[in-house]
Amino acid sequence: MTDIQLGMRLVDKVQAVSAIEQNKHRNLSSKFISISISHLVANDPEIPISNIIQEVQVLYHTGCTYKRAWYARKFAIERVFDGFPYCRPVISVDGIHLRGPYKGVLLIASTWDANNHLFPLAFAIIDKESFESWN
(Lines give C-alpha, C1' and ligand atoms only; values in the text may rest on other atoms or scores of the structure.)
Protein backbone atom coordinates (compact mmCIF):
# COMPACT_ATOMS: atom_id res chain seq x y z
CA MET A 1 0.00 0.00 0.00
CA THR A 2 1.13 3.52 -0.69
CA ASP A 3 0.91 6.38 1.77
CA ILE A 4 -0.51 9.81 1.01
CA GLN A 5 -0.11 13.02 2.94
CA LEU A 6 -3.31 14.33 4.50
CA GLY A 7 -2.74 17.61 6.33
CA MET A 8 0.66 17.30 8.01
CA ARG A 9 0.76 13.57 8.75
CA LEU A 10 1.19 10.49 6.61
CA VAL A 11 -1.69 8.07 6.72
CA ASP A 12 -2.61 4.89 4.98
CA LYS A 13 -4.49 5.49 1.70
CA VAL A 14 -7.41 3.36 2.87
CA GLN A 15 -7.76 5.44 6.06
CA ALA A 16 -7.72 8.70 4.09
CA VAL A 17 -10.40 7.54 1.65
CA SER A 18 -12.45 6.23 4.54
CA ALA A 19 -12.25 9.57 6.37
CA ILE A 20 -13.30 11.47 3.25
CA GLU A 21 -16.22 9.16 2.56
CA GLN A 22 -17.42 9.50 6.16
CA ASN A 23 -17.31 13.32 5.98
CA LYS A 24 -14.72 13.52 8.74
CA HIS A 25 -12.21 15.81 7.10
CA ARG A 26 -11.08 17.95 10.03
CA ASN A 27 -10.42 21.14 8.05
CA LEU A 28 -13.78 21.15 6.31
CA SER A 29 -15.73 23.16 8.87
CA SER A 30 -18.99 24.96 8.26
CA LYS A 31 -17.27 28.37 8.53
CA PHE A 32 -14.69 27.30 5.93
CA ILE A 33 -17.47 26.13 3.61
CA SER A 34 -19.37 29.41 4.15
CA ILE A 35 -16.46 31.35 2.67
CA SER A 36 -16.59 29.17 -0.45
CA ILE A 37 -20.35 29.46 -0.96
CA SER A 38 -20.75 33.17 -0.22
CA HIS A 39 -21.22 33.99 -3.91
CA LEU A 40 -24.02 31.39 -4.16
CA VAL A 41 -25.81 32.77 -1.10
CA ALA A 42 -25.48 36.34 -2.41
CA ASN A 43 -27.38 35.28 -5.55
CA ASP A 44 -29.95 33.10 -3.74
CA PRO A 45 -30.21 33.30 0.08
CA GLU A 46 -32.60 30.34 0.12
CA ILE A 47 -30.27 28.02 -1.79
CA PRO A 48 -31.16 24.38 -1.10
CA ILE A 49 -28.84 22.47 1.22
CA SER A 50 -28.49 19.75 -1.41
CA ASN A 51 -26.92 22.30 -3.79
CA ILE A 52 -24.40 23.28 -1.11
CA ILE A 53 -23.49 19.62 -0.58
CA GLN A 54 -22.98 19.21 -4.32
CA GLU A 55 -20.82 22.36 -4.45
CA VAL A 56 -18.61 21.01 -1.66
CA GLN A 57 -18.28 17.74 -3.58
CA VAL A 58 -17.20 19.61 -6.71
CA LEU A 59 -14.82 22.01 -4.97
CA TYR A 60 -13.15 19.73 -2.45
CA HIS A 61 -13.85 16.20 -3.75
CA THR A 62 -15.29 15.19 -0.39
CA GLY A 63 -18.70 14.78 1.14
CA CYS A 64 -20.47 17.07 3.56
CA THR A 65 -23.18 16.33 6.09
CA TYR A 66 -26.55 18.03 5.93
CA LYS A 67 -25.95 19.69 9.31
CA ARG A 68 -22.56 21.09 8.27
CA ALA A 69 -24.03 22.44 5.01
CA TRP A 70 -26.95 24.01 6.88
CA TYR A 71 -24.62 25.82 9.28
CA ALA A 72 -22.43 26.87 6.34
CA ARG A 73 -25.44 28.51 4.67
CA LYS A 74 -26.32 30.23 7.96
CA PHE A 75 -22.79 31.63 8.35
CA ALA A 76 -22.69 32.68 4.68
CA ILE A 77 -25.96 34.60 5.07
CA GLU A 78 -24.53 36.39 8.10
CA ARG A 79 -21.36 37.15 6.16
CA VAL A 80 -23.11 38.45 3.01
CA PHE A 81 -26.07 40.28 4.54
CA ASP A 82 -24.42 42.09 7.44
CA GLY A 83 -27.20 44.70 7.39
CA PHE A 84 -27.52 46.87 10.47
CA PRO A 85 -25.29 45.00 12.93
CA TYR A 86 -25.97 47.33 15.85
CA CYS A 87 -29.72 47.72 15.44
CA ARG A 88 -32.43 45.54 16.86
CA PRO A 89 -34.40 43.53 14.30
CA VAL A 90 -37.61 45.58 14.82
CA ILE A 91 -38.61 48.39 12.48
CA SER A 92 -41.45 50.72 13.50
CA VAL A 93 -43.47 52.53 10.85
CA ASP A 94 -45.69 55.42 11.94
CA GLY A 95 -47.39 58.54 10.66
CA ILE A 96 -48.30 61.79 12.43
CA HIS A 97 -50.49 64.66 11.23
CA LEU A 98 -48.73 68.03 11.10
CA ARG A 99 -50.46 71.16 12.43
CA GLY A 100 -49.77 74.82 12.01
CA PRO A 101 -48.90 76.62 8.79
CA TYR A 102 -47.51 73.44 7.17
CA LYS A 103 -50.26 70.86 6.81
CA GLY A 104 -49.58 67.27 5.86
CA VAL A 105 -48.51 63.97 7.33
CA LEU A 106 -45.04 62.92 8.44
CA LEU A 107 -44.34 59.23 7.76
CA ILE A 108 -41.31 57.67 9.43
CA ALA A 109 -39.64 54.26 9.66
CA SER A 110 -37.31 53.85 12.64
CA THR A 111 -35.59 51.31 14.87
CA TRP A 112 -33.77 51.23 18.22
CA ASP A 113 -29.99 51.04 18.23
CA ALA A 114 -27.70 49.33 20.78
CA ASN A 115 -27.69 52.41 23.05
CA ASN A 116 -31.52 52.49 23.27
CA HIS A 117 -31.69 55.57 21.05
CA LEU A 118 -34.20 56.01 18.25
CA PHE A 119 -32.51 55.54 14.86
CA PRO A 120 -34.48 56.93 11.88
CA LEU A 121 -34.24 54.82 8.73
CA ALA A 122 -36.48 56.79 6.36
CA PHE A 123 -39.03 59.60 6.44
CA ALA A 124 -41.40 61.39 4.08
CA ILE A 125 -43.78 64.35 4.25
CA ILE A 126 -46.95 63.88 2.22
CA ASP A 127 -50.21 65.79 1.62
CA LYS A 128 -52.52 63.19 3.15
CA GLU A 129 -52.29 59.66 4.45
CA SER A 130 -53.64 57.32 1.78
CA PHE A 131 -52.80 54.02 0.13
CA GLU A 132 -50.95 55.78 -2.71
CA SER A 133 -48.76 57.80 -0.34
CA TRP A 134 -47.56 54.67 1.50
CA ASN A 135 -46.46 53.17 -1.82
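- A side-chain contact (heavy atoms from CB on, under 4.5 Å) with Glu55 is found for one member of Ile53, Leu59, Asn51 and no other, namely Leu59.
- Taking both residues in full, the closest heavy atoms of Ile77 and Pro45 are given as CD1-O, 3.6 Å, listed atom of the first, atom of the second, then distance.
- Among the candidates Ser30, Ser29, Ser38, the single residue satisfying the side-chain contact (heavy atoms from CB on, under 4.5 Å) test with Phe75 is Ser30.
- In this structure, OG on Ser92 lies 7.5 Å from CG on Leu118, to the nearest 0.5 angstrom.
- Rounding to the nearest 0.5 Å places CG of Leu98 at 9.5 Å from CD1 of Ile126.
- Remark: Phe123 CZ to Asp94 CG distance equals 15.0 Å, nearest 0.5 Å.
- To the nearest 0.5 angstrom, Glu78 atom CD is 8.0 Å from Lys31 atom NZ.
- In this structure, Ile35 is not a member of the same hydrophobic cluster as Val41, with clusters built from ILVMFWY side-chain heavy atoms closer than 4.5 Å.
- Shortest non-hydrogen contact noted between Leu107 and Gly95 is CD2-CA, 3.8 Å.
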Does Cys64 form a side-chain contact (heavy atoms from CB on, under 4.5 Å) with Ile33? I'd like the steps, not just the answer. CA-CA 10 Å; Cys64 176; Ile33 295 171; 3.7 Å; yes
Could you please spell out the steps behind the side-chain hydrogen bond (donor to acceptor under 3.5 Å, both in side chains) verdict for Tyr66 and Ser50? CA-CA 8 Å; Tyr66 184 90; Ser50 59; over 6 Å; no
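- Residues Val105 and Ile96 are not in side-chain contact: their nearest non-hydrogen atoms beyond the backbone lie 4.5 Å or more apart.
- For Pro120 against Ser110, the heavy-atom pair with the smallest separation is CA-CB, 4.1 Å.
- Contact check for Ile52 versus Leu40: no side-chain heavy atoms found under the 4.5 Å cut-off.
- Taking CZ of Arg73 as the start and CG of Asp44 as the end, the distance is 9.0 Å to the nearest 0.5 Å.
- Between Tyr71 atom OH and Thr65 atom OG1 the span is 10.5 Å, to the nearest 0.5 Å.
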Would Val56 and Arg68 count as a side-chain contact (heavy atoms from CB on, under 4.5 Å) if you check the C-alpha gap in whole Å, the side-chain angles of each, and the deciding distance to 0.1 Å? CA-CA 11 Å; Val56 169; Arg68 191 176 290 173; over 6 Å; no
